[in-house]
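Below you'll find the structure, written out as structure tokens, and then a few comments.
For the single chain, residues carry numbers from 1 onward in sequence order. This is a predicted model, so every value here is computed, not measured.
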Amino acid sequence: MTEKNSPKTVAETGRLLLRELTADDFPGLCRALQDEVVTKVYERTFTDREIRFWLEGQFRNYRDEGFGMWAVVLKESGEMIGHAGIFVSRHGDDEIHEIGYLFEKAYWGNGYATEAVLACRKVAFDILGLEKVYSIIRADNMASRAVARKNGMRVVETVYRLTMGKAIPHYVYRIANPERKTERSPG
């Protein structure tokens, strides 16, 4: 488990610090994950138990994968305003590296998501050496779709994901690492 008092800094931007989560971040995670407006894309809020389980999973990801979801902290105040990072998800028969994020509603509309996602892309390509990264976003989530476009991502596919028993259309956004050659399909 990550040291409580010395979380590893992963990335820094002009206004933000991305660092490994700690047990002390639980209240901040609850503020976001238990807000019905913030979690609308999941069509539910999360229980304390679910959030603790997810947080423990991040500690395992740091140890086993070397990445995960990170706390997003305002450099000016030291306040955690959300989380962003890289995680492995299933897409069809493949495992992909996905960039995701979630911010407290009070911090929406300030460009923090774009800033954090650009930092995550830099970590994915420059530090982890990943070939490509994805973001899978609900079709009706216009703000997150705009963030993906600002991250240089383009839609490569439309899929339907089950969310609380409903098939919801999602766009699969992707960007390739310009420093690595990827397989190209003929034509």
Side-chain angles (χ1 to χ4, degrees), residues 10-18 21 25 28-47 50-51 54 58 67-76 79-92 94-125 130-178:
V10 178
E12 191 172 334
T13 71
R15 301 180 294 167
L16 304 174
L17 185 69
L18 278 66
L21 290 157
D25 293 319
L29 291 169
C30 288
R31 282 193 305 271
L33 291 167
Q34 293 178 339
D35 181 318
E36 290 177 1
V37 175
V38 173
T39 60
K40 181 182 179 216
V41 296
Y42 302 111
E43 304 218 353
R44 71 187 195 91
T45 59
F46 295 85
T47 66
E50 289 169 320
I51 296 167
W54 180 86
Q58 298 315 306
F67 58 86
M69 297 301 284
W70 303 301
V72 178
V73 176
L74 288 175
K75 286 167 58 174
E76 187 176 297
E79 182 179 2
M80 180 181 157
I81 62 171
H83 59 275
I86 303 163
F87 59 97
V88 176
S89 70
R90 299 246 11 117
H91 179 61
D94 299 321
E95 283 190 346
I96 62 171
H97 292 91
E98 193 171 342
I99 293 176
Y101 62 90
L102 195 71
F103 287 85
E104 292 180 45
K105 186 171 183 341
Y107 299 97
W108 290 5
N110 294 297
Y112 295 131
T114 299
E115 201 170 319
V117 165
L118 288 169
C120 290
R121 183 184 77 187
K122 186 168 178 52
V123 170
F125 291 161
L130 299 178
E131 192 172 293
K132 52 193 157 193
V133 291
Y134 297 78
S135 286
I136 302 177
I137 302 168
R138 279 178 65 133
D140 62 355
N141 189 340
M142 303 308 281
S144 285
R145 290 174 56 196
V147 169
R149 287 190 301 274
K150 289 175 187 172
N151 193 24
M153 296 178 143
R154 299 291 172 248
V155 174
V156 295
E157 185 179 359
T158 302
V159 297
Y160 286 83
R161 286 194 161 177
L162 280 178
T163 305
M164 299 303 291
K166 297 184 233 175
I168 307 285
H170 286 67
Y171 292 123
V172 179
Y173 285 82
R174 181 180 68 205
I175 186 170
N177 186 337

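For Ala84, the side-chain contact (heavy atoms from CB on, under 4.5 Å) partners at least two apart in sequence or on another chain are Val72, Tyr101, Ala116, Cys120. Under the rule for a side-chain contact (heavy atoms from CB on, under 4.5 Å), the partners of Thr13 that lie at least two apart in sequence or sit in another chain are Leu16, Glu115, Ala119.
Here CZ of Phe125 is found 7.5 Å from CG of Leu130. Values are rounded to the nearest 0.5 Å. Interatomic distance, Arg145 CZ to Tyr171 OH, rounded to the nearest 0.5 Å: 5.0 Å. Atom-to-atom distance recorded for Ile96:CD1 and Glu131:CD is 13.0 Å, nearest 0.5 angstrom. To the nearest 0.5 angstrom, Leu29 atom CG is 9.5 Å from Leu102 atom CG. We find the CD-CZ distance between Glu104 and Arg31 to be 4.5 Å, quoted to the nearest 0.5 Å. In this structure, the separation between CD1 on Ile86 and NE2 on His97 is 8.0 Å, given to the nearest 0.5 Å.
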Practice problem: Evaluate the side-chain hydrogen bond (donor to acceptor under 3.5 Å, both in side chains) criterion for residues Glu157 and His91: first the C-alpha distance (whole Å), next the side-chain angles of each, then the deciding distance (0.1 Å), finally the verdict. | Solution: CA-CA 11 Å; Glu157 185 179 359; His91 179 61; 2.9 Å; yes

Practice problem: Evaluate side chain to side chain contact (heavy atoms under 4.5 Å, CB included) for Arg149 paired with Arg154, printing each intermediate quantity in order. | Solution: CA-CA 6 Å; Arg149 287 190 301 274; Arg154 299 291 172 248; 4.1 Å; yes

Self-check item: Evaluation steps, side chain to side chain contact (heavy atoms under 4.5 Å, CB included), between Asn151 and Leu118
Solution: CA-CA 6 Å; Asn151 193 24; Leu118 288 169; 3.4 Å; yes

Practice problem: Carefully, step by step, assess Glu50 and Leu33 under the rule side chain to side chain contact (heavy atoms under 4.5 Å, CB included). | Solution: CA-CA 10 Å; Glu50 289 169 320; Leu33 291 167; over 6 Å; no

Practice problem: Take Thr163 and His170 through the test side chain to side chain contact (heavy atoms under 4.5 Å, CB included) and record every step on the way to the result. | Solution: CA-CA 11 Å; Thr163 305; His170 286 67; 4.3 Å; yes

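Under the 3.5 Å distance criterion, with hydrogens and angles disregarded, no donor-acceptor pair is assigned to the side chains of Gln58 and His83.
Without hydrogens or angle criteria, Arg15 side chain to Leu74 main chain gives no donor-acceptor distance under 3.5 Å. For Arg138 (side chain) and Val41 (main-chain N/O), a donor-acceptor pair under 3.5 Å exists by modelled atom type. Listed for the Thr45 side chain is no donor-acceptor partner under 3.5 Å among the backbone atoms of Asp35. Of the possible polar contacts, one joining the Ser135 side chain to the Ile99 backbone as a donor-acceptor pair under 3.5 Å is found.
A heavy-atom distance below 4.5 Å is found between the side chains of Val133 and Met153. Put simply, the side chain of Trp54 reaches to within 4.5 Å of the side chain of Leu21, judged on heavy atoms. Two residues are said to be in side-chain contact when any heavy atoms from C-beta on lie closer than 4.5 Å; Asp94 and Tyr134 fail this criterion. Side chains of Trp70 and Val123 form a contact here, defined as non-hydrogen atoms less than 4.5 Å apart.
Under a cut-off of 6.0 angstrom, the local environment of CD in Glu36 is sparse, with at most 12 non-hydrogen atoms contributed by other residues, nucleotides or ligands. Environment of NZ in Lys40: sparse, with no more than 12 heavy atoms of neighbouring residues, nucleotides or ligands closer than 6.0 Å.
Counting all heavy atoms, side chain and backbone alike, Gln34 lies closest to Thr47 at NE2-C, 3.6 Å. Pairing each heavy atom of Ala176 with each of Lys132, the nearest pair is CA-CB, 3.9 Å. Heavy-atom minimum distance, Phe87 versus Phe67: CA-CE1, 4.2 Å. Closest approach of Glu98 and Ser89 over heavy atoms only: OE1-OG, 2.8 Å. Taking both residues in full, the closest heavy atoms of Tyr107 and Tyr112 are given as O-CD1, 3.5 Å, listed atom of the first, atom of the second, then distance.
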